[in-house]
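Below is one structure, written out as structure tokens; the observations come after it.
Quick note: numbers below take in every heavy atom, side chains included, and nothing from hydrogens, waters or symmetry partners.
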Amino acid sequence: MAYLPKPAAQHLGIGLTSLYAEIKAGRIKARKYGRRTLIAADELKAWLASLPEKEAA
């Protein structure tokens, strides 16, 4: 399964600009199919798993 950028950003709960920044930095890998940018669901899961855990207060 793959997402277009806008639904991917919504799914992650981040802004579209932040998503594109993560792609540009190489932390999220995107693929091109014609003019469309696609992001695999596995990429989104891996990115989320790579974020630091919030410590208990």
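The closest donor-acceptor contact from the side chain of Lys6 to the backbone of Ala9 lies at 3.5 Å or more, if one exists at all.
Transitive grouping of hydrophobic side chains (ILVMFWY, heavy atoms separated by less than 4.5 Å) brings Leu4 and Tyr33 into a common cluster.
No more than 12 heavy atoms of other residues, nucleotides or ligands sit less than 6.0 Å from atom NZ of Lys24.
Leu38 CG to Met1 CE: the interatomic distance, rounded to the nearest 0.5 Å, is 11.5 Å.
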Next on the checklist: Determine whether Tyr3 and Leu44 satisfy the following criterion, side-chain contact (heavy atoms from CB on, under 4.5 Å), listing intermediate values before the conclusion.
Outcome noted: CA-CA 9 Å; Tyr3 292 89; Leu44 300 180; 3.4 Å; yes

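What you find for Lys29 and Ile39 is that their closest heavy atoms are O-CG2, 4.0 Å.
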Let me check something: any side-chain donor-acceptor pairs from residues 15-22 under 3.5 Å, sequence neighbours excluded? List them with distances.
from	atom 1	to	atom 2	distance (Å)
Glu22	OE1	Arg27	NE	2.7
Glu22	OE1	Trp47	NE1	2.7
Glu22	OE2	Arg27	NE	3.3
Glu22	OE2	Arg27	NH2	3.0

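Under the 4.5 Å side-chain criterion, counting only non-hydrogen atoms from C-beta, Thr37 is in contact with Lys32.
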